[in-house]
**Q** 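Take this structure first; my questions come after.
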Amino acid sequence: MNRRDALSKVAILMGGTLTAPTLMAMSRVGEKPASVAGIADFSLTDTQRKIVAEVAEHIIPKTTTAGAKDAGVPAFIELMLKDCYKQPEHESFLEGVTNLEKSNFLGLSATEQVAVLKKLEAETNELMKTYNVKAVKVGDNVDKESMDAKKKGVPFWRLMKELTLSGYFTSEAGIKASFVYEEVPGKFEAIKLKPGQKAFAY
Amino acid sequence: MVKYSLILSFTHSFIVYYMNLNIDAVKNQTFDAIVVGSGISGGWAAKELTEKGLRVAVLERGREIKHVEGYETATKAPWEFLHRGRPDNVAAEEYWAGMRTGYTANEEHRYLFENDKQNPYIEKSGGMDWIRAYHTGGKSLLWGRQSYRWNKADFEANLKDGTAIDWPIRYEDLAPWYTYVEKFAGISGTAEGLDVLPDSHFLPAMAMSAPELAFKKGLASKMNRPVTIGRVAHLTKPTQQQIGIGRGSCQFRNKCMRGCPYGGYFSSLSATLPAAARTKRLVMVHNAIVSELIYDEKTQKAKGVRVIDQNTMAVTEYYAKIIFLNAGAFGSTSILMQSKSNRFQNGLGNDSDQLGRNIMDHHLGVGAGGTMEGFDSDYVFGNRPNGLYIPRFRNWGNDKRDYLRGFGYQGGASRAGWNRGVGMDGFGADFKESLTHPGNWSIGFGGFGEILPNPNNRFTLSPDQKDRWGLPQLVFETQFGENELKMRKDMANDMAEMLEAAGAKNVNTYNSDKTHIGLGIHEMGTARMGRDPKTSVLNKHNQVHSVKNVFVTDGAAMTSASCVNPSLTYMALTARAANFAVEELKKKNL
């Protein structure tokens with residue numbers, strides 16, 4: 001195998017850098033149209049809602065700036081799952097949240113909760129490796145991500161992390177707390193990064 | 001009755017007066033010229049024909065969208081979109097073709113694209129991504145704005161390699177018209193003096209970031225290949241003419257596809273239609289679906305068009321001395337196909353049986369990416385609506401491959417945003433804080449490959465499946481050929497090689513085997529230009545060989561595809577054809 005062949009066989013695994021924000025795992029290039037019919041109506045119990053809120057707050061806690069709960073992330077997660085995801089993710093998400101419910105997640109101390117989530121993250125990383133995640137450029141400025149997790153659904157932890165981050169960093173509170181928000185930059189120029197400088201959001 | 005808006009006057013704050021007129025009299029439905037479609041080529045036809053003194057009706061099948069106030073999502077903040085841009089399941093089902101692009105069905109953009117479920121088409125063999133935009137300005141509101149002249153070899157390639165038929169024009173025929181349209185549209189870029197990518201008349205170029213400049217320098221020194229900033233139809237330093245028409249400088253928001261309230265990029269709404277309206281000889285008719293051309297056996301010309309109002313279903317006729325078809329390649333060709341008469345039983349101008357054949361696009365979804373190290377202290381201010389361009393180098397000069405033609409690349413470098421956190425380990429306060437700073441630099445380029453004309457890549461009209469207006473649905477048979485598939489291997493590997501040579505690390509290639517013709521939204525072919533009426537539909541003036549007062553100047557006219565984005569060439573072809581049409585009218589040849 002020459003160097004070129006070797007290169008072409010390398011998949012871009014998650015954990016690498018994606019150049020565009022279209023990293024939603026559910027985008028599948030070239031897929032046939034799916035039908036909305038048959039999607040289970042997704043909803044959470046009150047206990048499950050509390051678990052989702054606690055997990056989201058562990059991912060993006062309140063510090064000197066707003067946390068996930070302040071930014072309305074828990075409600076966003078449920079809305080997104082209901083409106084934008086289908087049965088495989090509804091099932092994998094519910095499986096994950098049910099597992100936490102069974103292990104009395106809400107009754108654990110904060111330190112214990114962190115330990116549970118760290119273990120969950122390690123397990124999810126192993127699972128994701130088998131899903132063959134790839135980034136594909138499909139337009140002038142558009143990348144998409146594809147993966148083989150069609151039947152099983154994207155794992156709970158990955159969904160939680162993706163939806164918590166997107167819910168927080170696209171919210172008004174999250175953007176204004178985290179970035180330098182420039183609605184109308186008016187110019188484009190190369191600059192030097194100052195120590196501790198925040199990223200720009202547009 | 002077709003509701004119609006008579007544009008009487010125009011100032012740069014875009015004041016438009018409307019009159020709703022109910023007119024039966026034939027004389028009031030008679031114009032010097034009819035332009036079907038208000039997209040990138042239709043806007044140019046309207047501008048040129050009205051400025052040359054003709055009274056012109058532009059028939060737009062979609063709804064009216066007004067410049068600035070019609071751009072519903074243009075100034076919305078990220079949090080103002082319910083799903084933060086993401087298409088919901090209902091939208092994903094309705095915009096099933098748009099979903100394949102990954103961006104047209106998003107909440108920011110969806111209002112400017114058509115609902116595929118309500119506007120069905122049939123994929124008989126292979127896949128076809130037919131992305132449509134039915135409203136004032138058409139896809140000119142949504143295009144990628146990348147603007148490149150074809151080179152001399154592009155016009156000679158079919159003849160030299162024995163593919164399809166020869167173009168009836170050469171670069172020299174189009175060069176003055178490229179200059180003409182560039183001066184009005186405003187193309188920003190850098191002159192490079194390359195044969196493979198002829199320079200345009202440029203506005204000042206956009207800047208490159210530090211790692212992009214390093215990549216450019218590395219590629220020049222290691223492989224002697226040029227990299228240039230994307231040539232893009234954005235105003236970086238507007239001329240008095242552009243300011244006079246109401247356009248302003250690009251604001252580097254990169255939210256172009258929502259519509260630009262500054263007129264920063266070229267569209268029919270920001271530029272050509274206002275210019276046409278200023279003459280007071282433009283009548284815009286919306287909701288007007290042209291079902292067919294009306295052929296007059298005696299004069300051997302088309303005397304007008306038949307129109308279905310998309311809302312009321314009322315049928316109206318409009319008459320004119322000349323008719324420009326600018327309905328998008330498949331739109332224009334399907335109108336010709338539907339125009340059946342005793343003389344043209346298989347569609348108007350279809351003596352060659354070439355109508356609907358040789359569908360082309362640019363194939364993409366293949367390239368490479370990597371990381372750029374050593375630029376931790378470099379960043380950029382502004383959201384550049386543009387990238388870098390690597391011109392074609394394969395089958396150019398002494399290079400010979402086992403396939404025909406070539407490809408260019410578009411891409412660039414950027415620092416990772418908060419979304420890098422999704423695939424990173426960790427959570428909590430430090431994790432949250434770290435994501436507020438720019439991440440590592442990555443660099444990536446995707447290829448845009450030339451698709452060869454192939455008569456078997458075609459569409460026909462369905463004999464039994466109709467749309468909402470009783471017009472036949474389009475049936476597509478479109479497959480990539482061996483030439484495209486061979487080329488894709490180079491498109492991935494060459495990019496990886498260049499990235500490594502220029503110093504990128506962690507280089508990876510990709511080559512999606514799930515893309516279709518149409519994904520580039522560069523629909524071309526189906527009513528090609530040529531010298532011989534036996535093998536082509538249009539002559540060297542974009543004039544239907546057998547019906548001289550009908551012109552087709554959108555993507556349908558293309559005889560081959562080049563590897564560069566096509567819109568600038570449509571603009572030049574349209575301005576050239578409009579000039580010819582008016583001269584012929586003056587000579588009483590039409």
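Sequence lines set the chain letters: A, B, ... in the order given, protein chains first and strands last, and positions in each chain run from 1.
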**Q** Using a cut-off of under 4.5 Å on heavy-atom pairs, state which of A/Glu121, A/Lys62, A/Glu182 scores highest against chain B.
**A** A/Glu121
**Q** Please classify the contact of A/Gln197 with chain B as side chain, backbone, both or neither, using a heavy-atom distance under 4.5 Å.
**A** both
**Q** What part of B/Tyr262 gets within 4.5 angstrom of chain A, counting heavy atoms only: side chain, backbone, both, or neither?
**A** side chain
**Q** Quick one: of A/Ala190, A/Ser171, A/Ala177, who has the most non-hydrogen atom pairs under 4.5 Å with chain B?
**A** A/Ser171
**Q** With a 4.5 Å cut-off on heavy-atom pairs, point out which of A/His58, A/Glu172, A/Lys118 contacts chain B the most.
**A** A/Glu172
**Q** To the closest 0.5 Å, what do you measure between OG (B/Ser434) and CZ (B/Arg420)?
**A** 6.0 Å
**Q** Which of the residues B/Ser209, B/Gly264, B/Ala91, B/Gly426 is involved in the greatest number of heavy-atom pairs with chain A at under 4.5 angstrom?
**A** B/Gly426
**Q** Taking the inter-plane angle between the rings of B/His234 and B/Tyr265 on a 0 to 90° scale, is it parallel (under 30°), tilted (30 to 60°) or perpendicular (over 60°)?
**A** tilted
**Q** Checking heavy atoms, do the side chain of B/Asn506, its backbone, both or neither come under 4.5 Å from chain A?
**A** neither
**Q** Measure from NZ or CZ of A/Lys176 to the centre of the six-membered ring of A/Tyr181 and say whether it is under 6.0 Å with the direction within 45° of the ring axis.
**A** no
**Q** Do the ring centers of B/Tyr379 and A/Phe200 come within less than 6.0 Å of each other?
**A** yes
**Q** Can you tell me which portion of A/Lys194 sits under 4.5 Å from chain B's heavy atoms? Options are side chain, backbone, both or neither.
**A** neither
**Q** Which region of A/Thr124, side chain (C-beta onward) or backbone (N, CA, C, O), has a non-hydrogen atom less than 4.5 Å from a non-hydrogen atom of chain B, or is it both or neither?
**A** neither
**Q** For A/Lys198, does the NZ atom have more than 12 heavy-atom neighbours from other residues, nucleotides or ligands under 6.0 Å away?
**A** yes
**Q** Checking heavy atoms, do the side chain of A/Val114, its backbone, both or neither come under 4.5 Å from chain B?
**A** both
**Q** In terms of heavy-atom proximity below 4.5 Å to chain B, should A/Ile175 be classed as side chain, backbone, both, or neither?
**A** side chain
**Q** What part of B/Lys117 gets within 4.5 angstrom of chain A, counting heavy atoms only: side chain, backbone, both, or neither?
**A** neither
**Q** Any side-chain to backbone donor/acceptor pair from A/Thr164 onto A/Lys161? Under 3.5 Å, distance only.
**A** no
**Q** Does a donor on one side chain and an acceptor on the other come within less than 3.5 Å for B/Asn419 and A/Glu162?
**A** no
**Q** Please determine, among B/Gln251, B/Glu212, B/Met206, the option with the most heavy-atom pairs under 4.5 Å with chain A.
**A** B/Gln251
**Q** Tell me, yes or no, whether the heavy-atom count around A/Lys69 atom NZ, taken from other residues, nucleotides or ligands under 6.0 Å, exceeds 12.
**A** yes
**Q** Under 4.5 Å heavy-atom distance to chain A, tell me which part of B/Leu82 shows up: side chain, backbone, both or neither.
**A** both
**Q** Return the option, out of B/Glu94, B/Arg415, B/Arg253, with the maximum number of heavy-atom pairs under 4.5 Å with chain A.
**A** B/Arg253
**Q** CD1/B/Ile521 to OH/B/Tyr103 distance, rounded to the nearest 0.5 angstrom?
**A** 3.5 Å
**Q** Between B/Ser377 and chain A, with a heavy-atom cut-off of 4.5 Å, which part of the residue counts as in contact: side chain, backbone, both or neither?
**A** both
**Q** Examine whether an atom of B/Phe381 lies under 4.5 Å from a heavy atom of chain A, and if so say whether it belongs to the side chain, the backbone or both; otherwise answer neither.
**A** both
**Q** Measuring centre to centre across the rings, with the benzene-like ring taken for any Trp, is B/Tyr148 within less than 6.0 Å of B/Tyr389?
**A** yes
**Q** Between B/Asn106 and B/Arg86 (side chain of the first, backbone of the second, donor and acceptor by atom type, cut-off under 3.5 Å), is there such a pair?
**A** no
**Q** What residue in A/Glu57, A/Lys187, A/Lys192, A/Glu183 has the most heavy-atom pairs under 4.5 Å with chain B?
**A** A/Lys187
